[in-house]
Amino acid sequence: MNPISLSEERARAFIQERSLVGRDFLSISDLSPGELEGVLAVASAFKAHRRDGRPFARLSPFNAMAMIFEKPSLRTRVTFELAMSELGGSVVMLSGTEIGLGTREPVRDIGANLSRWVSAITARVMRHQTLVEMAAAASASVINALSDREHPCQAIADLLTILEKAPQYDGGQVAFIGDGNNVAQSLMLGCAMLGIDFMLACPPGYDPEPDLLQKAQLSSVETGGTIKVMHDPVAAITGAVAVATDVWTSMGQEAEREKRLLSFADYQLNAQLLMKAHPEAIVLHCLPAHRGEEITADVLEGPQSVVLDEAENRLHAQKAVIALLLGASLVN
Ligand code: CP
Ligand code: NVA
């Protein structure tokens, strides 16, 4: 794996390059590996500047973002709204129900109308296809705030956390224990793009989508990493420097909850399993967590857990995404 530079110099050059301006961000693989590294450098620069109370880049005040939520959210909603306001733009918050997304009005009409007022449409949707339809009709940049297929903004925050906190991340793999879901799929693709080894252990039948697994494996051939999906959590976690998990029942799958509780019973991230990882491995969870299901309370709240750093990094990651898609200018 090539060393990844999170330097401010890299961040400044990437902002000035303006190569992401006007683009959509539906999948982490909408970025090239070099662009993903650029986004991470910009996120890291925003983080350092915020800590020091110095602005890094800002938008014209005429930039606005519409946010549409078809599902609940704490972290995504708060961090996008704060990111936009700290960049100098404004946010209009909408629920899928109030605007009748696809019922009162077709998705494409909503995308076309919103594009006359805002420069970005950030949406959390039941079906990934809704984002694809929105992006086809909208001249505004469409950003995926979670779909049934991917959670790319989460993956940027996760990768930033791994680069900041995992011990010798280039010497051991990232392990994901649990469902091959939206969060797992974006993290798998992101690791592949950066040449980070990634192993996912899930029950049979809960593997990542074959097309995304194939895309990740092809990408990892280019970047020199390894992507593996298996059904043995001990094999996946042994020697890992970062261990991630997520809920067994995602939003929209509530009817399958009882079945999933049985299927995933052997895939809990607990102290016994974590012992197999690198002794200083970090523990990631996108949150919200279900203590006693996919993760035990002692692991979630234990010394190896970086879940709050990860949640904080959503702010810096999304600020970078917005700044780059909307063409923010460096301050000074
Ligand atoms: N991790 C995450 O996306 O959290 P929310 O569902 O609260 O936005
Ligand atoms: N996989 C979870 C992530 C929540 C942030 C879900 O889709 O509900």
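Atoms within a ligand are numbered from 1 in the order they appear, just like the ligands themselves.
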If the cut-off is 4.0 Å to any non-hydrogen atom of [X], which atoms of ligand 1 fall inside it?
X      : result
Leu74  : 5 (P), 7 (O), 8 (O)
Gln154 : 1 (N), 2 (C), 3 (O)
Cys286 : 1 (N)
His151 : 2 (C), 3 (O)

For this session: Would you mind listing which atoms of ligand 2 come within a distance below 4.0 Å of any non-hydrogen atom of Leu287?
Result: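 Taking each heavy atom of Leu287 in turn, ligand 2 has 5 (C) under 4.0 Å.
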
For this session: Give the numbers and elements of all ligand 2 atoms closer than 4.0 Å to a heavy atom of Leu146.
Result: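 Within the 4.0 Å cut-off of Leu146, ligand 2 contributes 3 (C), 4 (C), 5 (C), 7 (O).
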
Could you tell me whether [X] and ligand 2 have an N or O pair separated by under 3.5 Å?
X      : answer
Lys71  : no
His151 : no
Met251 : yes
Arg124 : no

Exercise. Under 4.0 angstrom from ligand 1, any heavy atom of Arg124?
Worked result: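 It does, in that a heavy atom of Arg124 comes within the 4.0 Å cut-off of ligand 1.
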
Output yes when [X] and [Y] qualify as a salt bridge under the 4.0 Å nitrogen-oxygen rule, no when they do not.
X      : Y      : answer
Glu86  : Arg50  : yes
Glu310 : Lys165 : no
Lys47  : Glu164 : yes
Glu293 : Arg257 : yes
Asp179 : Arg260 : yes

Side chains of [X] and [Y], donor plus acceptor under 3.5 Å:
X      : Y      : result
Glu294 : Thr245 : no
Glu9   : Ser7   : no
Asp24  : Ser141 : no

At what distance is the nearest protein heavy atom to [atom], and which residue and atom is it?
atom                   : value
atom 3 (C) of ligand 2 : Asp246 OD2, 3.6 Å
atom 4 (O) of ligand 1 : Arg75 NE, 2.9 Å
atom 2 (C) of ligand 1 : Arg314 NH1, 3.2 Å
atom 7 (O) of ligand 2 : Asn182 ND2, 2.8 Å

For this session: Is it possible for you to say whether Leu40 and Val174 belong to one hydrophobic cluster, with membership spreading through side-chain heavy-atom contacts below 4.5 Å?
Result: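 The answer is yes; both residues are in one hydrophobic cluster.
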
Exercise. Which is it for Asp179 and ligand 2 at heavy atoms under 4.0 Å: side chain, backbone, both or neither?
Worked result: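 Looking at Asp179 and ligand 2, no heavy atom falls under 4.0 Å.
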
Exercise. Would one find more than 12 heavy atoms of other residues, nucleotides or ligands at under 6.0 Å from atom CZ of Arg12?
Worked result: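 Count over threshold, so yes.
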
Exercise. Taking the non-hydrogen atoms of Asp148, is any one of them nearer than 4.0 angstrom to ligand 2?
Worked result: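 No heavy atom of Asp148 comes that close to ligand 2.
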
Exercise. At under 4.0 Å between heavy atoms, which part of Leu287 makes contact with ligand 1: side chain, backbone, both or neither?
Worked result: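 Looking at Leu287 and ligand 1, just backbone atoms fall under 4.0 Å.
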
For this session: For ring-ring contact (aromatic ring centres under 6.0 Å, His included), just list the numbers for Tyr206 and Tyr267, CA-CA rounded to whole Å, side-chain angles, deciding distance to a tenth of an Å, and then say yes or no.
Result: CA-CA 12 Å; Tyr206 295 93; Tyr267 293 81; 8.9 Å; no

